[in-house]
Amino acid sequence: MPIKWILHWRPNAGTSVNTQILTEISQCVESINGVKDGTWKNTLSFYKPIIKEQANASEFPQNYLGISLQEHPNKYYMLIREERLIIEAESSLQKIMETLQSYKLRVTLIFEGFQYQLGDFRVRVGKAVPNNSENMRGIIMEIEYLPISSWEISHQIMGEFFDIWKEALGKRSLPGHFVHIEPNFAEYGLSDQYTSQHTAVQYDIIITQMVATAISSQGIRI
């Protein structure tokens with residue numbers, strides 16, 4: 001599977017994300033010869049346990065993140081932060097969880113936008129919005145390098161591409177910048193060879209960073 005970096009937009013202090021910034025970012029991808037190649041959409045849902053007897057509360061994780069990725073529509077990823085555990089299952093698991101009524105859905109975030117081809121790279125740019133809402137909560141970008149599946153080997157070429165991207169985006173003087181957080185995949189027992197489970201871990205980091213950014217800059221909770 002191609003290596004992938006997932007980054008989030010960190011607005012400058014006192015500013016927030018909006019559609020104009022997203023539009024300019026998309027235009028910037030096209031300015032470096034990115035060719036639009038369809039749309040993409042990923043879904044992240046946060047669940048909390050339904051505790052019927054308080055004495056059993058410790059038997060359930062406090063919450064978990066469920067992730068559906070467009071590139072693997074038949075799979076569903078469950079991530080439990082406290083246990084540093086990630087589970088790959090069939091997409092039917094969502095229905096099973098609803099039937100068991102062990103967990104309650106807290107909030108769902110939709111990540112959607114356009115994808116572009118740039119030679120051996122694929123770039124996706126999009127917004128994060130709550131389900132059934134257009135109230136933008138963040139902007140993210142996925143960068144894939146198609147020939148390589150080793151996280152370690154990919155670092156130099158991914159870093160070089162990111163530097164080129166930052167230089168191009170910097171010419172537009174937008175009120176913020178993209179941030180890449182280096183994940184610790186080993187905490188989740190993941191190897192150097194990239195998989196969709198690595199993508200799920202990165203999305204969890206992105207969500208954490210988006211919440212922290214919103215709280216610190218605007219006092220907003222996602």
Side-chain angles (χ1 to χ4, degrees), residues 1-10 40-49 59-94 96-97 102-103 106-113 115 120-126 128 138 140-163 165 178-213 222:
M1 180 175 176
I3 202 74
K4 180 184 296 188
W5 281 15
I6 306 178
L7 310 96
H8 81 283
W9 180 259
R10 181 176 292 170
W40 64 278
K41 180 179 179 180
N42 295 330
T43 304
L44 283 73
S45 299
F46 297 86
Y47 294 85
K48 66 178 181 180
E59 297 180 8
F60 296 87
Q62 289 302 302
N63 55 70
Y64 81 84
L65 176 64
I67 304 176
S68 297
L69 302 174
Q70 179 174 292
E71 58 204 62
H72 295 288
N74 297 322
K75 296 294 183 180
Y76 189 65
Y77 302 89
M78 296 174 59
L79 192 147
I80 303 173
R81 292 174 179 171
E82 294 87 348
E83 304 294 332
R84 290 295 189 267
L85 178 65
I86 182 166
I87 301 170
E88 179 179 308
E90 298 300 318
S91 57
S92 58
L93 179 64
Q94 298 175 75
I96 295 173
M97 296 297 290
S102 299
Y103 283 82
R106 294 177 57 194
V107 64
T108 295
L109 283 178
I110 306 298
F111 291 80
E112 58 184 354
Q115 71 178 22
D120 287 335
F121 290 90
R122 179 185 294 125
V123 175
R124 297 185 178 96
V125 176
I140 72 160
M141 180 172 67
E142 294 186 1
I143 301 174
E144 279 186 311
Y145 184 59
L146 305 178
I148 293 179
S149 60
S150 166
W151 182 260
E152 186 66 31
I153 293 175
S154 70
H155 264 63
Q156 180 176 347
I157 193 164
M158 293 293 280
E160 290 173 353
F161 181 86
F162 188 38
D163 287 341
W165 165 251
F178 276 106
V179 177
H180 176 245
I181 306 296
E182 183 73 14
N184 187 350
F185 293 127
E187 288 186 341
Y188 290 86
L190 299 177
S191 70
D192 177 65
Q193 293 300 302
Y194 197 86
T195 68
S196 293
Q197 295 183 34
H198 292 71
T199 298
V201 170
Q202 289 196 75
Y203 265 105
D204 181 48
I205 293 173
I206 289 296
I207 290 296
T208 302
Q209 292 298 314
M210 282 174 51
V211 171
T213 297
I222 295 178

With side chains defined as the heavy atoms from C-beta onward, is the minimum distance between Met141 and Val123 less than 4.5 Å?
yes
Got a donor-acceptor contact below 3.5 angstrom from the Asn42 side chain to the Gln70 backbone?
yes
Is it true that the side chains of Glu142 and Tyr203 contain a donor and an acceptor less than 3.5 Å apart?
yes
Verify, without hydrogens or angle tests, whether Ser196 (side chain) and Thr199 (backbone) share a donor-acceptor contact under 3.5 angstrom.
no
Could you check whether Glu160 and Trp165, counting side-chain N and O atoms only, form a donor-acceptor pair closer than 3.5 Å?
no
Separation between OG of Ser149 and CG of Asp192, rounded to the nearest 0.5 Å
8.0 Å
Test item: side-chain donor near acceptor, Ser91 and Asn74, under 3.5 Å:
no
OG/Ser68 to CD1/Ile110 distance, rounded to the nearest 0.5 angstrom?
9.0 Å
Please list, chain by chain and in numerical order, all residues satisfying ring pair (Phe, Tyr, Trp, His ring centres under 6.0 Å) with Phe121, sequence neighbours excluded.
Tyr145, Phe161
Measure the CG-CD1 distance between Leu190 and Ile86 for me, rounded to the nearest 0.5 Å.
6.5 Å
Contacts of Glu112 meeting salt bridge (Lys or Arg N to Asp or Glu O under 4.0 Å) (sequence neighbours excluded), chain-then-number -> none
Listed partners of Tyr76 passing ring pair (Phe, Tyr, Trp, His ring centres under 6.0 Å), at least two apart:
none
Are any non-hydrogen side-chain atoms of Trp151 and Glu182 less than 4.5 angstrom apart?
yes
Can you name the ring pair (Phe, Tyr, Trp, His ring centres under 6.0 Å) partners of Tyr77, sequence neighbours left out?
none
Dump the intermediate steps for side chain to side chain contact (heavy atoms under 4.5 Å, CB included) on Ile148 and Tyr194, then the final yes or no.
CA-CA 9 Å; Ile148 293 179; Tyr194 197 86; over 6 Å; no
Contact between Gln209 and Val179 at the side-chain level, heavy atoms closer than 4.5 Å - yes or no?
no
Give every residue pair that meets the salt bridge (charged side-chain N to carboxylate O under 4.0 Å, His left out) criterion with at least one member in residues 143-158, sequence neighbours excluded.
Lys4-Glu144, Arg122-Glu144, Arg124-Glu144
Tell me every residue that passes ring pair (Phe, Tyr, Trp, His ring centres under 6.0 Å) with His180, counting only those two or more places apart in sequence or in another chain.
Trp5
Atom CD of Gln156 with >12 non-hydrogen neighbours under 6.0 angstrom:
no
Heavy-atom check, side chain of Glu83 versus side chain of Tyr64, under 4.5 Å:
no
NE2 of His72 to CD1 of Ile67, rounded to nearest 0.5 Å, is 12.5 Å
Between Ile207 and Leu44, is any pair of side-chain heavy atoms under 4.5 Å apart?
yes
Hey, does Met78 have a side-chain heavy atom less than 4.5 Å from the side chain of Leu65?
no
Kindly compute the distance separating CD1 (Ile143) from CD1 (Ile3), expressed to the nearest 0.5 Å.
12.0 Å
Report yes if some heavy atom in the side chain of Tyr47 is under 4.5 Å from a heavy atom in the side chain of Thr108; otherwise report no.
no
Test log, rule side chain to side chain contact (heavy atoms under 4.5 Å, CB included), inputs Val201 and Leu79
CA-CA 8 Å; Val201 170; Leu79 192 147; 4.0 Å; yes
Show your reasoning for whether side chain to side chain contact (heavy atoms under 4.5 Å, CB included) applies to Arg81 and Asp204.
CA-CA 9 Å; Arg81 292 174 179 171; Asp204 181 48; 2.6 Å; yes
Ignoring hydrogens and geometry, is there a side-chain-to-backbone donor-acceptor pair from His198 to Thr195 under 3.5 Å?
yes
Reported NZ-to-CD distance for the pair Lys75 and Glu88, which is rounded to 0.5 angstrom:
5.0 Å
